Amino acid sequence: MAYRTVNPYTEQTIQEFAEHTDSEVEAALAKADALFRADWSKGGRELRLAILARLSDLITANRDALANTMAEEMGKPLSQGQMEADLCADIARYYADKADDILKPEPVSSDVGEGWIEYHPVGVLLAVEPWNFPIYQLIRVVAPAIALGNPVIYKHAGIVPQSAALFADLVRRAGAPEGAVTNLYISAAKVAELIGDDRVRGVALTGSEGAGSKIGARAGEMLKKSTLEMGGSDVFVVLDDADLAKAVEGGIFARLGNAGQMCTAAKRFIVQRGIADAFTQAFVGAMQAVPMGDPKNPQTLLGPMASREGLESLSRQVEEAVGYGATVLTGGKRAERTGFFYEPTVLSDVMPDNPAFYQEFFGPVALLFVADDDDAIVALANDSKFGLGGAIYSADIARARALASRIESGMVFINTPTISRPELPFGGVKRSGYGRELGDVGIKEFVNRKLVVVAGA
Ligand code: NAP
């Protein structure tokens with residue numbers, strides 16, 4: 001049984017779900033494709049934007065139910081689940097309010113005549129999504145797709161089947177017709193088969209490099225456009241003149257939010273030498289003091305990891321890092337209690353010959369580096385196969401801006417951890433993937449930019 005809710009706090013299996021059958025998958029695809037050919041996709045946008053506005057309200061009305069389900073399925077602390085729901089409501093509202101403006105035809109000047117670009121839907125999209133933000137990962141694809149008129153079929157991660165179903169139900173209750181957004185419990189093999197179907201016109205994946213390379217290759221083989229949002233090993237740079245308390249507070253949230261299971265979590269802390277001792281002491285102390293426990297307790301900041309596999313893989317990674325010479329400043333092992341808990345951990349002395357140097361730590365483990373100047377910071381930051389986000393803390397904004405421009409990543413934030421907002425395009429470079437979600441850029445990924453020219457006009 002591939003779709004299963006296991007409560008990571010109790011380690012108990014809650015519910016299992018059967019995969020959809022071949023005929024159910026075919027019926028879902030046929031409905032989605034029929035909708036694309038109907039007025040719903042091809043007609044005016046008003047009806048679809050009204051659905052998004054209602055979806056926003058419904059998410060807000062159901063924020064506690066959504067947060068509860070996330071806590072039970074993948075251990076996200078309630079307050080963080082509520083924050084996720086609020087962000088999702090904002091994303092639906094953003095596209096409801098802004099899509100008309102973002103998608104209005106754009107003039108193109110030419111000696112042939114009057115020209116313009118129109119934005120049209122392309123057809124059924126397949127979205128393959130991870131469990132770490134069970135609702136947010138879906139709405140990043142679904143909200144712009146509804147605004148445009150692209151029907152979506154999604155395959156969510158096997159460990160969050162209830163979140164997957166809950167979201168589909170909210171979309172339905174918002175008034176979306178059957179076929180607009182469909183949740184399917186399917187295997188990787190079925191995903192590959194669907195990508196090969198002519199009715200599927202694009203594929204969006206958020207997930208690991210392994211899944212990205214398989215799905216990207218399959219999409220390329222079938223001449224379909226794909227967007228890939230994959231892992232990261234984001235830097236969190238603290239310059240000598242940074243506000244120490246603010247940097248520590250931001251660093252804790254950036255590393256321990258969602259139990260460290262964020263693609264844009266701060267994974268490599270690069271601290272300038274002048275502030276290194278003070279930052280290390282304060283940061284390690286704050287890591288040790290973090291309230292860890294029941295995700296349903298409002299005081300909890302650090303919940304369990306989402307799965308036994310994730311916990312075991314992180315434990316092996318840390319053991320290997322230590323085997324190659326890393327120093328454990330705090331933590332370094334599974335917490336001795338029921339639930340998939342890993343102790344908040346800080347590792348230093350991770351050298352380039354340590355496999356950990358280039359790995360993504362998808363859990364509450366921070367790597368700490370010390371650098372002397374801006375050139376050394378940039379060299380260390382860019383010595384990574386990933387390039388997703390990054391943060392710089394400094395009182396000198398001009399210097400931080402110059403540094404931000406030199407870091408090879410899709411996003412850099414100054415004096416705040418990497419955050420997501422509806423209007424901010426999200427995505428990376430290098431092995432973090434390609435394409436963007438959210439903002440005006442994100443809605444134009446799966447779109448037909450149709451050129452129309454009137455000669456001599
Ligand atoms: P994962 O194993 O790649 O799973 C992600 C999704 O892909 C799941 O729905 C999974 O289904 C599916 N999948 C896996 N292999 C597949 C294949 N060969 N064909 C089709 N579907 C496949 O990723 P994860 O380990 O759960 O998630 C963590 C990773 O995602 C991290 O690297 C993280 O950094 C990255 N991430 C990136 C972003 C971003 O926006 N850049 C955001 C969040 C997470 P099953 O669950 O059924 O295996």
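Just so you know, ligand 1 is whichever comes first in the structure, and atom 1 is the first atom listed for that ligand. The chain is numbered in sequence order, starting from 1. These figures come from a predicted structure and were not determined experimentally. Values reported hereafter were calculated over all heavy atoms of this structure, with side chains retained and with hydrogens, waters and symmetry mates removed.
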J.: Counting each atom of ligand 1 from 1 as listed, which ones have a heavy atom of Q137 under 4.0 Å away?
T.: 42 (C), 43 (C)
J.: Distance below 4.0 Å between atom 4 (O) of ligand 1 and any protein heavy atom?
T.: no
J.: Does R140 count as lying over the ring of F426, i.e. NZ or CZ under 6.0 Å from the six-ring centre, within 45 degrees of the axis?
T.: yes
J.: Is it the case that the side chains of T5 and Q15 hold a donor-acceptor pair, with the cut-off being a distance below 3.5 Å and no angle test?
T.: no
J.: Just which atoms of ligand 1 are under 4.0 Å from any heavy atom in A157?
T.: 8 (C), 9 (O), 46 (O)
J.: Which protein non-hydrogen atom lies closest to atom 16 (C) of ligand 1, naming both residue and atom, and how far is it?
T.: A211 CB, 3.8 Å
J.: To which of G207, P130, S420 does the heavy atom nearest atom 35 (C) of ligand 1 belong?
T.: G207
J.: With a 4.0 Å cut-off on heavy atoms, is R140 touching ligand 1?
T.: yes
J.: If you have a sec, work out which protein heavy atom is nearest atom 11 (O) of ligand 1 and how many Å separate them, to one decimal?
T.: K155 NZ, 3.0 Å
J.: In the protein, which heavy atom is nearest to atom 26 (O) of ligand 1, and how far is it?
T.: W131 NE1, 2.6 Å
J.: Would you say T227 and E445 are linked by a side-chain donor-acceptor pair, where the criterion is simply a distance under 3.5 Å?
T.: no
J.: In the protein, which heavy atom is nearest to atom 38 (C) of ligand 1, and how far is it?
T.: C263 SG, 2.9 Å
J.: Show the atoms of ligand 1 that are less than 4.0 angstrom away from any heavy atom in N132.
T.: 43 (C), 44 (C)
J.: What residue and atom, counting heavy atoms only, is the protein's closest point to atom 7 (O) of ligand 1, and at what distance?
T.: V128 CG1, 3.3 Å
J.: Contact between Q261 and ligand 1, counting heavy atoms under 4.0 Å?
T.: no
J.: How far is atom 37 (C) of ligand 1 from the closest protein heavy atom, and which atom is that?
T.: M230 O, 2.9 Å
J.: Nearest heavy-atom pair of A286 and V248: which atoms, and what distance?
T.: CB-CG1, 3.8 Å
J.: Taking all non-hydrogen atoms of both residues, which atom of V203 and which atom of A219 are closest, and how far apart?
T.: CG2-CB, 4.2 Å
J.: Considering non-hydrogen atoms of the protein only, which is the closest contact for atom 18 (N) of ligand 1, and what is the distance?
T.: K214 CD, 3.6 Å
J.: Which ligand 1 atoms, with their elements, are less than 4.0 angstrom from a heavy-atom of A188?
T.: 17 (C), 18 (N), 19 (N), 20 (C)
J.: Right, does atom 21 (N) of ligand 1 have protein non-hydrogen atoms nearer than 4.0 Å?
T.: yes
J.: Tell me, please, whether F133 has K76 positioned over its six-membered ring: NZ or CZ under 6.0 Å from the ring centre and within 45 degrees of its axis?
T.: yes
J.: Give me the nearest non-hydrogen protein atom to atom 32 (O) of ligand 1 as residue plus atom name, then the distance to 0.1 Å.
T.: E360 OE1, 2.9 Å
J.: Numbering the atoms of ligand 1 from 1, which are under 4.0 Å from a heavy atom of T206?
T.: 5 (C), 36 (N), 37 (C), 38 (C), 39 (C), 40 (O), 42 (C), 43 (C), 44 (C)
J.: Do S226 and Y434 meet the criterion of a side-chain donor-acceptor pair at a distance under 3.5 Å?
T.: yes
